[in-house]
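Beneath this line is the structure, given in structure tokens, with notes to follow.
All heavy atoms count here, side chains included; hydrogens, waters and symmetry mates do not.
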Amino acid sequence: MTGAAQSWLDAALEGPDLPGLGKARGAAAKAFAKEGLPHRRMEDWKYTDIRSRLGEALPPAEPLEAPGDFLNPFAALDAPEICFGNGFWAHGAELREGVDVLTLSEALSAKADWVAKSLGAAKAPEDQPMLALNTALMRDGLCLKVARGLDGGAVVLGHEGRAGRQTVRNLIVLEPGARFTLIEAHQGGGEAQQSQQVSEIFVGEGAQLTHIRLQDAGAKTVHLATDVVNVAGGGDYRGFVTTTGAALSRQETFIEFTGPDAEAHISGAYMLASDQHADVTTRIHHAVPRCTSREVFKGVIADEARGVFQGRVIVAEGAQKTDGHQLNKTLLLSDRAEIDTKPELEIYADDVKCSHGAATGQLDENQLFYMRARGIDEASARGLLMQSFLAEALEEVEDERLRACLQGHVNGWLGAHAEKPGGVPHEL
Amino acid sequence: MSEAPDIQDRAGEKYKYGFVTDIESEKAARGLSEETVRFISAKKNEPEWLLDWRLKAFRRWEAMDEPAWAKVHYPPIDFQSAYYYAAPKQKEKLESLDDVDPELLKTYEKLGIPLQEQKLLAGVAVDAVFDSVSVVTTFKEKLAEAGVIFCPISEAVQTHPELVQKYLGSVVPITDNFYATLNSAVFSDGSFVYIPKGVKCPMELSTYFRINEAETGQFERTLIIAEEGAYVSYLEGCTAPQRSEHQLHAAVVELVALDDAEIKYSTVQNWYPGDETGKGGIYNFVTKRGACRGRNSKISWTQVETGSAITWKYSSCILQGEGSVGEFYSIAITNNYQQADTGTKMLHLGKNTSSRIISKGISAGHAQNTYRGLVSMHPKAAGARNYTQCDSLLIGDECGAHTVPYIESRNPTAMVEHEATTSKISEDQLFYARARGLGEEEAVALIVNGFARDVLQQLPMEFAVEAQKLVGISLEGSVG
């Protein structure tokens with residue numbers, strides 16, 4: 001075993017103290033030790049060689065005294081803000097009455113019933129070494145519950161990372177009929193960082209959660225995020241993931257329908273440049289009948305960056321009347337950019353409608369020519385075309401004000417990268 | 001379930017007949033060792049280089065693990081309990097069609113196989129009227145005139161060693177994968193085809209007419225070379241149920257197309273699928289790959305897979321020559337407890353290469369049907385194009401249909417489009433057909449044939465009509 005892999009094993013076995021977690025940690029460390037860090041021979045990790053890219057485990061991060069650098073990209077929404085620094089609770093505004101908020105360590109010390117009941121209980125795919133690692137190493141996180149039938153409003157959950165290894169576990173519980181909007185923004189400085197975040201999310205019967213994530217982590221950050229989402233009968237989960245940050249990132253969304261007539265929409269946009277590597281992996285498990293899932297992921301990849309999209313939809317035996325649709329399209333802007341796409345359907349029920357589409361290519365020369373002929377300079381034309389390309393994904397965000405904030409971020413990226421013709425070869 | 005007994009059961013019963021052919025044969029000792037490989041090579045009187053090649057493969061194979069990534073499940077295979085060589089056998093000749101199992105004859109009839117062909121298939125001694133030998137002779141004369149070489153590969157090793165040595169293993173190297181490596185070590189026989197420069201092969205070539213000993217054994221090896229500007233269409237297998245004494249079949253097919261050459265390779269695979277409870281049946285683990293080496297060369301795979309208990313097969317194209325074209329048209333039907341994990345790989349290496357993948361999977365009973373495919377655009381594949389359409393149809397609520405495409409692009413000017421759908425036969429279509437007087441099974445066969453039409457159209461005429469009927473027969477007993 002290489003030094004790096006061993007260092008993660010050692011780290012897992014020496015997980016920090018949190019009250020009442022001893023047993024779970026021991027079991028998780030053992031589970032992680034079975035295979036250690038994922039490797040490329042594991043089908044789910046075929047395109048992201050985390051074993052060689054992650055490097056040795058950094059020393060655990062320390063809480064930030066004053067995490068003042070967080071710039072809320074969603075300030076226009078006027079939503080209350082909760083801020084984590086280096087993976088530890090820093091400060092938080094009051095939320096509406098009926099929305100319980102605790103830090104993970106508080107919740108464990110106070111032995112909050114709802115946390116004890118739900119933490120580690122979300123149904124997830126089997127044999128996930130990185131989930132086990134998170135359980136072995138988690139130090140802090142947000143535990144949030146929205147009471148039955150309540151519209152809990154929105155919260156902006158800011159993460160500011162500076163240095164070191166940050167392991168966060170969040171627990172989000174929407175009781176039946178509740179509504180909530182969780183907006184995550186990940187930012188950070190240029191120091192080497194390893195950030196791993198797992199969120200267990202329970203959407204109760206008839207509840208609706210909008211979950212936005214804007215990952216713009218620092219340039220030397222390895223950012224690994226896993227959302228384990230359980231949607232109960234009639235529930236509705238609307239996720240959107242924007243990826244522009246981190247040197248190496250992997251966003252995993254595992255959705256499990258636990259009751260019939262539920263819906264899940266999970267979409268996103270990725271914009272990558274320099275030598276970034278970003279992996280979006282989704283798995284939607286239709287375990288019960290009459291659920292609907294929809295995915296729209298679009299991306300643009302410049303320079304030597306590499307994008308990975310793996311989308312798997314599983315329809316279990318008996319999950320009749322399932323409706324599943326998935327789309328993934330990518331533009332390559334440079335001749336050294338790469339995209340690897342694996343949309344996957346695994347279907348064991350017959351009365352279903354499932355489809356996926358995937359496409360890769362470059363900007364359409366004809367469209368560019370058309371715009372140039374109308375006096376639009378090349379950089380603007382490229383920017384506009386990419387903007388309209390990504391719009392199909394952004395349109396999945398229903399709230400206009402939210403979408404406008406995301407669009408602002410997307411436009412910022414395009415402004416910085418569209419001017420470069422990106423070395424598109426003209427040797428055709 | 002309809003009243004009519006499942007034809008596939010009947011066809012299955014027939015296989016018992018297949019297993020009683022008890023003919024003296026010279027077998028190699030049970031199991032696989034260097035000795036077995038030497039024995040096979042010596043039996044075939046092979047040159048030193050081929051023995052070395054086989055031995056190299058064998059040593060490599062010993063160090064390999066069986067692949068486990070496909071979505072198929074079967075008990076572990078004991079490679080040491082099998083026989084790897086039996087001298088070519090004379091099939092037991094029956095006196096007349098009256099001696100043939102009537103159920104098998106019914107199947108032939110349903111497929112619309114002419115009487116004389118039925119005799120050939122059933123192993124009936126052909127009389128003087130149907131002089132298969134003379135048919136073959138005319139056939140061979142015509143080919144020789146055109147300069148086409150078409151013979152068993154074991155014969156080609158003796159008569160055209162320079163060609164075999166140059167191309168054997170050049171597309172599927174002996175290190176390729178577990179089953180291809182095993183095949184390289186112990187391959188029994190198969191076809192060798194060479195089409196010289198500028199020649200358009202005057203007729204469709206078929207394994208059917210290679211004649212003499214039709215038994216090629218369980219480790220078939222086929223090599224087809226189309227020189228500059230040559231064209232050949234090759235048909236493998238037939239729609240009639242095929243029997244085999246071996247449970248494991250691991251074939252290798254290599255195609256080489258040089259500048260402006262075209263190879264069209266059509267397969268109808270209908271090996272014994274096992275009975276309705278999933279007992280028995282052939283394991284069909286095949287490696288098929290074509291190399292488009294020349295500019296503007298083209299390789300087209302068309303397959304109709306209805307047989308075998310387990311199919312593991314990915315007919316691939318290496319698109320190396322500038323402007324070369326790869327095509328893959330596939331129908332895979334699984335019923336009862338059959339499992340198929342099949343698809344293609346399109347590796348775009350050269351500029352302006354293009355490929356098209358049309359896959360239709362149909363799953364019924366307790367079967368599992370997986371499409372697995374790779375489209376890879378390499379950095380130099382400027383202007384390359386791929387279009388993929390994968391559709392799956394489910395019949396019954398206990399079967400599975402899976403789609404696992406891999407798309408890798410490292411060239412911005414390359415364009416890849418992939419679409420996949422999964423659904424069941426629409427009630428409306430069924431109702432419409434039933435209302436017009438069709439029985440349920442006929443209606444299903446009609447709809448499935450419509451679903452698979454894009455692929456059936458690609459088959460050569462000889463195959464297309466029978467293949468349509470085969471689609472219906474394969475699904476009998478799956479509805480109602």
Open item on the list: Please identify, among B:S423, B:S376, B:P405, B:S363, the residue contributing the most non-hydrogen atom pairs under 4.5 Å to chain A.
Closed with: B:P405
TODO: Hey, could you give me the OG1/CE distance between B:T413 and B:M377, rounded to the nearest 0.5 Å?
DONE: 9.0 Å
Task: Residue among A:G318, A:C354, A:G324, A:G307 with most heavy-atom pairs under 4.5 Å to chain B - done: A:C354
Open item on the list: My understanding is that only one of A:D340, A:D279, A:D49 makes a salt bridge (charged side-chain N to carboxylate O under 4.0 Å, His left out) with A:R306; could you say which?
Closed with: A:D340
Task: Interchain contact, A:A337 with chain B, by part (heavy-atom threshold 4.5 Å) - done: backbone
Open item on the list: Any donor-acceptor pair under 3.5 Å linking the side-chain atoms of A:S249 with those of A:H277?
Closed with: no
Open item on the list: If I measure from the heavy atoms of chain A, does B:A420 come under 4.5 Å with its side chain, its backbone, both, or neither?
Closed with: both
TODO: Heavy-atom distances under 4.5 Å only: say whether A:Y47 touches chain B with side chain, backbone, both or neither.
DONE: side chain
Task: Whether B:H366 and B:Y337 hold their rings parallel, tilted or perpendicular, with breakpoints at 30° and 60° - done: parallel
Task: Within-4.5 Å side-chain heavy-atom neighbours: A:T281 and A:R250 - done: yes
- [ ] For chain B, find its close neighbours in residues 251-260 of chain A: heavy-atom separation under 4.5 Å, sorted by number, or none.
- [x] none
- [ ] Mind checking the OH-CD1 spacing from A:Y348 to A:I314? Nearest 0.5 Å is all I need.
- [x] 7.5 Å
Task: Top of B:N386, B:V375, B:T403 for chain A proximity - count of heavy-atom pairs under 4.5 angstrom - done: B:T403
Task: Contacting region of B:E427 [heavy-atom separation from chain A under 4.5 Å] - done: neither
Task: Beyond-backbone contact of B:F328 with B:S355, side-chain heavy atoms, under 4.5 angstrom - done: no
